[in-house]
Amino acid sequence: MPTLLPHSLLEQRLRQAVLQVLPDARPDGVKVRPCPDPKHGDYQCAALIGLAKEARKNPRELAAAVSAAYAALRAGSGEEGVEAGLQIEIAGPGFLNFRLAPEALLSAVLDASASRFLEPAAAPRTVVVDFSSPNVAKPMHVGHIRSTALGDCLSRVLRALGHRVITDNHLGDWGTQFGKLIVGWKRHLHRDALERDPIAELERLYKLENAAGEADPARLDQARQELVALQAGDPENLAIWREMIRLSQAQFDALYGRLGVTFDHTLGESFYNPQLPGVVESLVSRGIARESEGAVAVFSDHTLPAKEDPFLVHRDGAWADDPALVRKSDGGFNYTTTDLATLEYRIRTWAPEEILYVVDDRQAPHFRKLFQIFRRWQPEAEARTVLRHIGFGKILGDDGKPFKTRSGDTVRLAELLDEAVERARKLVDEKRPELPPETRGEIARIVGTGAVKYQDLLPNRQSDYIFSWDKMLALTGNTSPYLQYQCTRARKVVADGGAVDIAALRGVTPTEPAEVALLKHLLLYGLTLESVAAECRPNYLCNYLYDLAGHYSRFYESCPVLKAPEPVRSLRLALCGFTARVLSHGLGLLGIESPELM
RNA sequence: GCACCGGUAGCUCAAUUGGAUAGAGCUUCUGACUUCGGAUCAGAAGGUUGCAGGUUCGAGUCCUGCCCGGUGCACCA
């Protein structure tokens, strides 16, 4: 049985106690959480107040009864463990405050250190995470950071908690843009340019043909014909298309390599192409989709109130249809159809309990429609699977408008990472000129790429944030360089201090407030990761790590480690080691490396 | 027009999802140290949480109505 963290242990017994006092109560809502203010205690439970109200009892009297039941259960269990010296107080309107003895806190930390300070999920789930999804023949740009960083981090956190995670990069490798690209390829391709910078050349071809199409309808028509030929399996066009995918994948691989991001599967839109006619037929035969203005579309089934119905829109004073197209009037399919086929495939193949779509907030209406259609189409499969759109906001420049280069172009991801590493290098050169150049280069790589990711993961994902080189690379404040620095500092002390006999620390009493505060914070790591996973919010982890670094700094400032007499020296050295481990593990879950030196 | 997402200190952002006195960083001012890594730490200043109601033991968080900003609304994804 895995080691339980104190909040779980207290919560388990508290639920038993609640059931003794109120046999009809639902214990799920009884949660034990850290006290926001340490003066009230270490952990608290606020749920009894609500339960008292439901049961029409006096909250403080109920709290007293539950507390007594808790004490009896504890006495009867025979084993003390973390509860040795535990004090429970009733406060305010009926809060239960738990105070652990300092030795018990230390003991809990020693136990937790054996399982990386986290608890494996009691009920592991299979979760598919769909993220990044760049387009073939286009450069990855600043707009891909958020989906990639968020999706990768959520996948790592879910895995760390013991869930089975399947990551899938749903590439944009099929669709109308290939008509123009093939025309461009056939008419204007520069082979040498393609070899030098394939993506730039493909982008040039697309822009050229796009402009030509706007000026000359005949060119547009030609693009359409090439697309039809491609979709019909024309060998020449297929070969060109495959070559574009190969070149693009090389670009993606290089960038994912720099970012340390991997996928279990890369099943692009084209993978589902053969299924699309069948999807539409199935929808039509079940009466979910019907012909409309030459296209095939899904309309409202009027089971929801108009305001909540994704297939209705208010226009000119009345509710009008806002259908989802599953086949265009020219016979082509669009992304709703592809996404339905993808959804069906994922459920059939992996039987996940949950699918996360880490996609820009602007596509929220699309996902509401998609999930609704799927519920009508395959109700049994839908009932077994939680479908969640994990949306996020935009990246803005310091003028408050979408982040662009000075000349107004989109910022390429590769160039952005280059600049981050360059800027980090300047800082390292300035701070640590004595290190060999290759070491400084390696530190700059880790600090630069980490800073870009951390800046992205720190704000609430739903809000827009302002991109700032100075802030992300600042050495103070809530930034990845600061966390990385604290990590290397803690590691250095551990290295200088030598090995510690962890088992010998049992029974030692931490006395300094800074030691106790750090111990308590270490015990919250697992709880934080659960919140991150439950709400898909990596910023909780960022803030936890920043607080941890703060607790560590205060501890380190007020408590000498290497000069302290035993057993205090070993205790403090162990705290440095635990802090370094949690910091580097947490950064790792954010997809950020921790350098050995800084 | 309708829907979704936001609005918190001068600026950039938090707040364990309904908990106790709303917290950090930047900026400004003041301190600590003959450094176990100073890329450090402590203190001060800064608030009617857009506005007005409501729900209750308790609201930044929930419900209603307004105001401001962003985004989306049939053959692109």
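By convention in this document, chain letters (A, B, ...) are assigned in the order of the sequence lines, proteins followed by strands, and residues within each chain are numbered from 1.
- Between the base of B:A20 and the side chain of A:Gln44 there is a donor-acceptor pair shorter than 3.5 Å.
- Between A:Glu226 and A:Lys180, none of the side-chain N atoms (NZ, or NE/NH1/NH2) sits under 4.0 Å from a carboxylate O, so this pair counts as no salt bridge.
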- In 5'-to-3' order, the base (B), backbone-only (S) or no-contact (-) status of each nucleotide in nucleotides 24-39 of chain B, using a 4.0 angstrom heavy-atom cut-off, is SSS---------BBSB
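- In this structure, B:U17 is classed as syn because its glycosidic torsion stays within 90° of zero.
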Polar atom pairs (N or O), protein with nucleotides 54-58 of chain B, under 3.5 Å:
{"unit_1": "B:U56", "atom_1": "O3'", "unit_2": "A:Lys53", "atom_2": "NZ", "d": "2.9"}
{"unit_1": "B:C57", "atom_1": "OP1", "unit_2": "A:Lys53", "atom_2": "NZ", "d": "3.4"}

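- A:Arg224 and A:Asp221 are joined by a salt bridge, as a carboxylate oxygen and a charged side-chain nitrogen come within less than 4.0 angstrom of each other.
- A stacked arrangement is not assigned to A:Phe95 and the six-membered base ring of B:G19, the conditions of a centre distance below 5.5 Å and an interplanar angle below 30° not being jointly met.
- Legend: ring pair (Phe, Tyr, Trp, His ring centres under 6.0 Å) pairs involving residues 480-499 of chain A, not counting sequence neighbours, sorted by first then second residue: A:Tyr482-A:Tyr546.
- Under the 4.5 Å side-chain criterion, counting only non-hydrogen atoms from C-beta, A:Cys576 is not in contact with A:Lys492.
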- Could you walk me through whether A:Tyr357 and A:Phe371 pass ring pair (Phe, Tyr, Trp, His ring centres under 6.0 Å), step by step? CA-CA 11 Å; A:Tyr357 293 86; A:Phe371 299 163; 5.7 Å; yes
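- Contact annotation for A:Ala91: base contact, defined as any heavy-atom pair under 4.0 Å involving a base atom.
- At a threshold of 4.0 angstrom between heavy atoms, the contacts of A:Gln177 with the nucleic acid are absent.
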Listed pairs, N/O of protein and of nucleotides 66-68 of chain B, under 3.5 Å:
none

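- Nucleotides B:G70 and B:A74 have their C1' atoms positioned 24 Å apart, rounded to a whole Å.
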- Query: Please walk me through it: do A:Tyr544 and A:His521 pass ring pair (Phe, Tyr, Trp, His ring centres under 6.0 Å)?
  - Reply: CA-CA 9 Å; A:Tyr544 170 85; A:His521 199 71; 4.3 Å; yes
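- B:G58 and B:G46 have their C1' atoms separated by 27 Å, with the value rounded to a whole Å.
- By the 4.0 Å N-to-carboxylate-O rule, A:Glu442 lies too far from A:Arg440 to be salt-bridged with it.
- The shortest distance between the side-chain N/O atoms of A:Ser553 and the OP1/OP2 oxygens of B:C41 is below 4.0 Å.
- The strand RNA chain B forms stems, runs of 3 or more Watson-Crick or G-U wobble pairs with distances below 3.5 Å, at B:1-7 with B:67-73, B:10-13 with B:23-26, B:28-32 with B:40-44, B:50-54 with B:62-66.
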Short heteroatom pairs, N/O only, protein and nucleotides 49-51 of chain B, under 3.5 Å:
none

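- Across the P atoms, B:A22 and B:U27 are found 26 Å apart, a figure rounded to whole Å.
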